[in-house]
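Have a look at the structure below before the remarks.
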Amino acid sequence: MLKTHTCGELRAQHIGQEVTLAGWVHRRRDHGGLIFLDLRDRWGIVQVVCDAALSVAAHRAAEEVRGEYVIRVQGTVRARPEGLANPELPTGEIEVAATELEVLNPARTPPFYINEDQPVDEALRLRYRYLDLRRPRMQRNLILRDKIVSYIRDYLHERDFVEIETPILIKSTPEGARDYIVPSRVHPGRFYALPQSPQQLKQLLMVAGFERYFQIARCFRDEDLRADRQPEFTQLDLEMSFVDRDDILELIEGLFIGLVERMEPETGKRLKTKPFPRLTYEEAMARYGSDKPDLRFGMEIIDLTDVLGPSDFRVFSATAAAGGQIKGIRAPGCGSYSRRQIDELTAFAQQRGAKGLVWLARTSEGVRSPIAKFLSTDELDRTIERLALEPGDLGLIVADQPSVVAQVLGQLRLEMGRRLKLADPDELAFVWVVDFPLYEWDETEERWSAMHHPFTSARDEDWKYLQPGPDYDPGKAKAKAYDIVCNGWEVGGGSIRIHRRDQQALMFQVLGITPEEAQAQFGHMLEAFEYGAPPHGGIAPGIDRLVAILAGEHNIREVIAFPKTAQATDLMTGAPSPVSQRQLDELHICLKPDES
RNA sequence: GGGGGCGUGGUGUAGUUGGUUAACAUGUCGGCCUGUCAAGCCGGAGAUCGCGGGUUCGAGUCCCGUCGCUCCCGCCA
């Protein structure tokens, strides 16, 4: 090693020791005959004093040194003079008096500050990611990520799980997200796909008899990005045999509770409730307008259809008559919102599909609302009571089809929560959402599609909705599927799988996949199920999202060493980039004329 | 594919209803300086205001297009 100690470890106990340090020059303070260097390595910062009176050579070398130079220093640890300790620094009691200073490598002036936590344009950070990663924020986040992954591995190994790698080059399947595909050189015109998740492979590992499998798995989806979505991301992929839903839920709940509590000293994040509450999908949609509700605050959505449906206000009565809903939320203390603020909220609601937004402010005198004149005293009183409006509160009401009402009020709830700062940033509100529908209707393709994926089991009592016959009604079938949600982020999802060939065939039939197509695309799965597949199920929590939440970051790029931009490019390497004609030829690929 | 936001010395920002030489902080370079720790003091350099076009006597400012970054909708089994 080029160093005997790390910069961060030196304390008063080391006083008198000869040490050799190596690291980056964090800051330099030149007093003429005396130069102070703050030397930084991964473990911390220590002050090096280069005194011309002590070593002319070290002092002369320090005069040439600049920020981010890589240097090696030999010297003696000594106590700082009386009253000159720096309480801001863990090493602040001491300093290293340099006897020798060697520049291992000079550095150009960095394009942005490394020694200050000043905001920098993200494009610049990504272009010079290796410099960005030197900064304390990214060092902290990536080290936290390592601790989290390490905790997860320990937890699962203690419970007899086996970590098994699965291939990155696999077969493309039409279901789900758009695949990243890789051309085959050996087989002209054929392609591999990168896994959207190791879903089928982990199920086959259950057929193989491993019973408890996990993997910290990279997954790839060629879809547009979001703050919580990257084209490649990492999942804790996990599968167990001979389990039912609650076995998976209890395993993961134990993992997350233990993880959060272990990490609390450095994250400052604490659980809002344990054990985790459970909501059915229906409840979540009805009460929070979302299948990933932020439960750090209340502001539940209240059903007013029975109160306002019969009213003389045409919008309400017409909506109720058409099978729609009238629902509202209470925005505490917003009764004094100006016309302008109300207009903003109305525009917000309309952008999300509402035809309009009805508001109702309770004042000390009574009620102020554009629709007050259409409502009877009784209807008004019952609305106020149902919404629990206190004087000074604002009620926001939407009338529409249930999906629109949920969408709009769910978003409005989050928006009001933000405005009123109702969510505690240091609180983690985990919640299970269970009993998802097995299918959702795809409007554009006019067919049923799997809400989770086509290997998800229906609830035992719901298989009848898939059987051709009088009970056939796929929309009614609920799945043995579950999501773990935290602070409004979907942190993971899973299900109990189908393990019988007849049930899998039924599933494909409802999805409109013919037996021939099923054979071509999933033949290996169907065949495997004929060789003694155990009942099994699993879950796949997203590591990036989990780490981001624990790190207090609002974007998963902050917990990924080398992320892509929102346009799925890598500003550091320039990927994606053109390739040579020779490479294309080898792969039997011909570009369209306007795209080459 | 659609909508919103941002783009001004290396970095972070200011720049009024269009009006003289584009301002501030910090960094950077040079000088002075032996107890600083965001060191201090003095001096210097550094911007075709993302790019292209238009309106105008005059554009950082207004309009159109375009590029980049970002957030959201669609999409994400």
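In the text below, chain A, chain B and the rest are named by the order of the sequence lines, each starting its count at 1.
- No N or O donor and acceptor, one from the side chain of A:Arg66 and one from the base of B:G27, sit under 3.5 Å apart.
- Separating the CG atom of A:Leu571 from the P atom of B:G50 is a distance of 19 Å, rounded to the nearest angstrom.
- In terms of position along RNA chain B, the nucleotide closest to A:Pro119 lies nearer the 5' end than the nucleotide closest to the other residue of the pair A:Pro119 and A:Thr109.
- Among A:Gln504, A:Lys480, A:Gln203, the one residue that satisfies the side chain to side chain contact (heavy atoms under 4.5 Å, CB included) test with A:Ile498 is A:Gln504.
- Residue-to-nucleotide contacts include a donor-acceptor pair under 3.5 Å from the side chain of A:Asp224 to the base of B:G74.
- Judged by distance alone, the side chains of A:Gln230 and A:Asp544 never bring a donor and an acceptor atom under 3.5 Å apart.
- Here the separation of B:A23 from B:G65, taken at their C1' atoms, is 31 Å to the nearest Å.
- In this structure, A:Asn555 reaches the B:C71 phosphate: one of its side-chain N or O atoms is under 4.0 Å from OP1 or OP2.
- Regarding A:Ile114, its CD1 atom lies at a distance of 14 Å from the P atom of B:U11, rounded to whole Å.
- Using a 4.0 Å heavy-atom cutoff across all strands shown, A:Ala52 reaches no nucleic acid atom at all.
- Comparing B:A38, B:C76, B:C69 by their closest approach to the side chain of A:Ala177 singles out B:C76.
- The main-chain N or O of A:Phe297 is never found under 3.5 Å from a side-chain atom of A:Asp294 such that the two would form a donor-acceptor pair.
- The phosphate of B:C69 has OP1 or OP2 within less than 4.0 Å of a side-chain N or O from A:Thr569.
- Partners of A:Trp441 by ring pair (Phe, Tyr, Trp, His ring centres under 6.0 Å), not counting sequence neighbours, listed by chain and number: A:Trp448.
- Within the nucleic acid shown, A:Pro111 comes within 4.0 Å of sugar-phosphate atoms alone, with no base atom in reach, counting heavy atoms only.
- For A:Arg226, the listed nucleotide lying nearest its side chain is B:C73; candidates were B:C73, B:G12, B:C71.
- Residues A:Phe220 and A:Phe233 place their aromatic rings such that the two centres sit no closer than 6.0 Å.
- Checking B:C37, B:C71, B:C75 against every side-chain atom of A:Leu84, the shortest atom distance belongs to B:C37.
- For B:U36, the base is stacked against the aromatic ring of A:Phe36, per a cut-off of 5.5 Å between centres and 30° between planes.
- With both pairing distances under 3.5 Å, B:C69 is matched to B:G5 as a Watson-Crick or G-U wobble pair.
- For B:C37, the base has no donor-acceptor partner in the side chain of A:Arg27 [N/O atoms by modelled type, under 3.5 angstrom].
- Here the side chain of A:Arg229 is nearest to one of B:C71, B:C69, B:G74, namely B:G74.
- Between the side chain of A:Gln118 and the base of B:U26, no donor-acceptor pair under 3.5 Å is found.
- One N or O donor and one acceptor, one from the side chain of A:Arg78 and one from the base of B:G35, sit under 3.5 Å apart.
- Rounded to an integer number of Å, the gap from A:Arg418 CZ to B:C71 C1' is 11 Å.
- Within 4.0 Å (heavy atoms only), A:Glu88 reaches no atom of the nucleic acid at all.
- Pair assignment for B:C32 gives B:G40, based on Watson-Crick or G-U wobble hydrogen-bonding distances that are each under 3.5 Å.
- In this model, no side-chain donor or acceptor of A:Arg127 finds a partner on the base of B:C69 within 3.5 Å.
- Residues meeting the side chain to side chain contact (heavy atoms under 4.5 Å, CB included) test with A:Phe36, sequence neighbours left out: A:Arg29, A:His31, A:Leu34, A:Gln47, A:Val49.
- Evaluation of atom-type donor-acceptor distances gives a pair under 3.5 Å for the side chain of A:Glu95 against the base of B:G35.
- Straight-line distance from the CG atom of A:Asp117 to the C1' atom of B:U11: 14 Å, rounded to whole Å.
- In this structure, A:Leu124 reaches the sugar-phosphate backbone alone: every heavy-atom distance under 4.0 Å involves primed, P, OP1 or OP2 atoms, never a base.
- Between A:Arg29 and B:U36 there is no side-chain polar atom (N or O) within less than 4.0 angstrom of OP1 or OP2.
- For A:Leu34, taking side-chain heavy atoms from C-beta onward, the closest of the listed nucleotides B:U11, B:G35, B:C69 is B:G35.
- You can call A:His31 stacked on the base of B:A39; the centres are under 5.5 Å apart and the planes sit within 30°.
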